[in-house]
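These numbers were taken from a predicted model, which means no experiment stands behind them.
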Amino acid sequence: MSVLQVTVGGVTQHFPPSAGEVRIGRSAASNVVVPESRVSRRHLVVSYDGGWTARDQESSGGTWRAGVQVGEVPVNGAVELTLGGPSGPAVSLSVPPPQAAPPRPPGTIRIGRAPDNDLVIDDLLTARYHARLTPNADGWYLEDLDKHHQTFVRGADVETAQLHEGDVVTFGKVRFVVTRDGVLPVPDSPSSGGLDVADVHYALPGGKVLTSGVSLDIAGQRLVALIGPSGSGKSTLLRLISGELEPSQGSVHYQGINPHRQQEEVHGRIGVVPQHTIAHAQLTARKALQYAAELRLSQDTTAAERRQRVDDVLAELSLSEHADIPVRRMSGGQQRRLAIAFELLTSPSLLILDEPTAGLDPALVRQIMTGLRELADAGRQIIVTTHDLAHLDLCDDVLIMLPGGRVEYFGPPAGISAHFGTADWADIFERLNAATPPPPPPAAAGPGLGESLRRLNPLTWLDRLSGFGRPDAGDPSASARRLARLGAAAGPLTAGAAPEIVGPQAIDQRRRRQQSWVLIRRQLRLIWADRGYAGFLLALPMVLALLTFAIPDETGLGRPTSPGSTEAMRLLVVMVVGAAFMGMAATVRDLVAERRIFRHERAAGLMPDAYLAAKIAVFCGVVVVQTLILLRLVYWFRAGPEDGVLFGTGKVEVGIALAATAIVSALLGLLISSLVATPEQTMPPLVVAIMAQLVLCGGLIEVTGQAVVSQLSWLVPARWGYAAAASTVDVTELIPSAPDDALWSHNAAAWLGALLALTVLGTAYAWLTRRRLRAT
């Protein structure tokens, strides 16, 4: 096969004939980027038509060979060219001579991080033994060996696939092109491809324009400052570049990858640092980074490898001395650097930061900007929005935007005063604010994917009703993006036949289990680190047990000595409603308090199902322990039921009923937490839910036979928890004045039916919560 080899600055890239043409130039959209001012944006194209030919694209400085300007050069063997002049940057083109009868490789090729692989990848996102390529008549058969990792073929996440010449396959974040003889690497660095934003428009459903006609071309290691008045679309542009929002018009590519259609594949390449803190305040910086490393790096990295990576990142950001103090005790500047540290774990080549200097004093601002300069010099592209104008001289380029999201200036800081005719920033911003708003983008021929989803998906309307704390609630492109996360493979990166792919379902299951285990351990540490919260969880069942002393003690849950006694009914009300309160109190603020952290971790690859599974596992365990404490204290002072309907002792059955009520109530608390926008908004629904459990449980007010009220009671856990406990105690038989409630019958059918109803309710609450998380 006539594979074209292009070498620029010591970096060699390989292109098969199926690539069609190879673009060389200064533009980030080029296949080979040459970040040099003498090179035109689209300087040279090498195309294949039975053979490779290099053609100059009417570049300003021309293409030169051996000191002579040329327009077209056939690539036979090795060709040395310079761009922009005889002394311009050199480009080496070569085509190895074809073999008369190229032999097929005798065996397989094993790929991974371990040194004994046939192809070794030094990347902590890659498994030690990541994949195996086996030759066959059609090319190569790919198998993911570890079954935990994401392997991408032409943008699709795969477990196995049939590969053909020209396919692009990614292991971790390292890309390769498939050839007859194996795979050849595609370098992952700013010099091998940059950011290309082409005519991007973004408008809200109501028509408000946030960005209009933005085009950027960023190649090479650069520090770019993004400034502009409020409403100029700075944050929106960052979200469009990162893939969080999908443009209404135009396109975004980074290193040839579309972040909106191949979001999973760009996780390791693009790091996004939000303005807010993304670490749990209770954890130390080191511990927070270690959990993040377990979630983001290859699942087979050793603890020593993760510790070393965390230590390296802490040292790179001068945080080593502060690594073992809780995040809440770190200064504002240290917390901003810690937010950057989370992204550096995967060694991204593009780093996006939204207002990292906001609210900091001038000394801390200088530290942050100087640190960003050093990160860029280390070989990264960095885009940062900032209101600080004192340190723009540290940047390579400045992007100044007008209200409505239009670009007014993009170039070096030294050119700003000449462009505006003044160096006074007050005058510059006054001129920017006075700019005329842009017209709305041209209407599309029909509703786009996002609009269709918004019409079809009832969750979108729930998004809009609840708000969910999202600025893009009800946004059609955001809905499309959320669907794309859940679904389909992206289009091809190169020409060629589509690979035969086996989907990643098994890999997803393993990833979900691994992530759930990490999150379970983190959640337990969070509870333990927050001593006030842990103390509240421990004290709550004790306080509820004390409340039972308000009920006169006669025979507890046993047979009463006086015919008019209702002690058992009242005691069960306190215990069942208390269990419901324990469950909801443990979870009702949890999801909403972590929403920003969850969104950021999800953008970095966290699976919502793993997140929810970890929450359910931990809090179910917590409320079960609370239930055992409550029961132990109550049974110390009160008699238990005489006998059960299934087990030998009624105490066990009552305990099961209370634990099930607490668990389902905890799931109800998670659902409420997923629906509200702020932690403060959890109090009204919590109060309403607890009052509903108290009134509708059936032990305080008779609900049997009352239209509407009886049906409403089916929706609260306490109704069924009380029914199961009352069935065990045989309340109807012990208390003549008790309601004749069929759900309280002292038989196995009634008791199991109540538990089945609790199971259905809990499943419904968990399913709705899962839908809310996946729609975030």
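- The shortest distance between side-chain heavy atoms of Thr728 and Ile656 does not fall below 4.5 Å.
- With hydrogens and angles disregarded, a donor-acceptor distance shorter than 3.5 Å links the side chain of Arg337 to the backbone of Leu317.
- A donor-acceptor contact shorter than 3.5 Å is absent between the side chain of Arg511 and the backbone of Ala610.
- With a 4.5 Å cut-off on side-chain heavy atoms, Leu360 and Arg336 count as touching.
- Put simply, the side chain of Thr587 gets close to the backbone of Ala666: a donor and an acceptor are under 3.5 Å apart.
- In this structure, Thr682 contributes its side chain and Val588 its backbone to no donor-acceptor pair below 3.5 Å.
- In this structure, CE in Met575 is found 8.0 Å from OG1 in Thr548, a value given to the nearest 0.5 Å.
- Side chains of Trp744 and Met569 form a contact here, defined as non-hydrogen atoms less than 4.5 Å apart.
- Of the inter-residue distances, the one linking Ile270 atom CD1 with Ser242 atom OG reads 7.0 Å to the nearest 0.5 angstrom.
- Heavy atoms of other residues, nucleotides or ligands lying less than 6.0 angstrom from CZ of Arg596 number 12 at most.
- The shortest side-chain heavy-atom distance between Val729 and Val654 falls under the 4.5 Å cut-off.
- In plain terms, the two heavy atoms of Val703 and Ser713 that are nearest each other are CG2-OG, 4.3 Å.
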Verdict with supporting geometry, Ile672 and Leu686, side chain to side chain contact (heavy atoms under 4.5 Å, CB included): CA-CA 8 Å; Ile672 293 174; Leu686 174 62; 5.8 Å; no
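- Rounded to the nearest 0.5 angstrom, Trp767 CH2 and Leu671 CG are separated by 11.0 Å.
- Between the side chain of Arg286 and the backbone N or O of Asp324 there is no donor-acceptor pair closer than 3.5 Å.
- The two residues Ala662 and Thr627 make their nearest non-hydrogen contact at CB-OG1, 3.8 Å.
- Under a 3.5 Å cut-off, the side chain of Arg770 and the backbone N or O of Leu612 do not form any donor-acceptor pair.
- Between Arg522 and Glu294 there is no salt bridge, since none of the side-chain N atoms of the basic residue sits less than 4.0 Å from a carboxylate O of the acidic one.
- When every heavy atom of Thr346 is checked against every heavy atom of Leu297, the shortest pair comes out as CG2-CD2, 4.3 Å.
- Arg719 has a carboxylate O that lies under 4.0 Å from a charged side-chain N of Asp741, or vice versa, which qualifies the two as a salt bridge.
- Looking at Arg512, its side chain never comes within 3.5 Å of a backbone N or O of Pro608 through a donor-acceptor pair.
- Note that the NE2 atom of His322 and the CE atom of Met330 stand 7.0 Å from one another [nearest 0.5 Å].
- Electrostatic pairing of Arg296 and Glu343 counts as a salt bridge here, judged by a charged N lying under 4.0 Å from a carboxylate O.
- Proximity of a side-chain donor or acceptor of Gln681 to a complementary backbone N or O of Ala677 within less than 3.5 Å is detected.
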For Ile663 and Leu758: C-alpha separation, side-chain torsions, deciding distance, then whether side chain to side chain contact (heavy atoms under 4.5 Å, CB included) applies. CA-CA 9 Å; Ile663 289 172; Leu758 282 172; over 6 Å; no
Apply side-chain hydrogen bond (donor to acceptor under 3.5 Å, both in side chains) to the pair Ser673 and Asp590, showing each step before the final yes or no. CA-CA 7 Å; Ser673 190; Asp590 189 78; over 6 Å; no
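- Two residues are said to be in side-chain contact when any heavy atoms from C-beta on lie closer than 4.5 Å; Lys651 and Leu631 fail this criterion.
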Would you please test His280 and Val327 for side chain to side chain contact (heavy atoms under 4.5 Å, CB included) and show each step? CA-CA 7 Å; His280 291 89; Val327 173; over 6 Å; no
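- Annotation: side chain of Phe581 is not in contact with side chain of Gln693 (no heavy-atom distance under 4.5 Å).
- Counting all heavy atoms, side chain and backbone alike, Trp720 lies closest to Trp714 at NE1-O, 2.9 Å.
- Panel note: side chain Gln626, backbone Leu540; no donor-acceptor pair is recorded below 3.5 Å.
- Under the side-chain hydrogen bond (donor to acceptor under 3.5 Å, both in side chains) rule, Glu355 has a single partner from Gln275, Lys234, His387, which is His387.
- A heavy-atom distance below 4.5 Å is found between the side chains of Pro685 and Val676.
- Distance alone, capped at 3.5 Å, places no donor-acceptor pair between the Arg525 side chain and the Leu283 backbone.
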Hey, mind stepping through Arg632 and Leu628 against side chain to side chain contact (heavy atoms under 4.5 Å, CB included) and telling me if it holds? CA-CA 6 Å; Arg632 180 68 270 176; Leu628 293 175; over 6 Å; no
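- Expressed to the nearest 0.5 Å, how far CD of Glu594 lies from CD of Gln523 amounts to 5.5 Å.
- The CE atom of Met607 sits 8.5 Å away from the OG atom of Ser516 when rounded to the nearest 0.5 Å.
- Considering all non-hydrogen atoms of both residues, Leu537 and Ala586 come closest at CD2-CB, 4.0 Å.
- Side-chain contact between Leu210 and Lys208 is present, with heavy atoms from C-beta onward closer than 4.5 Å.
- For the 3.5 Å distance criterion, the side chains of Tyr611 and Glu601 fail to qualify, holding no donor opposite an acceptor.
- Nearest approach of Pro356 to Ile368, heavy atoms of both residues: CB-CG2, 4.2 Å.
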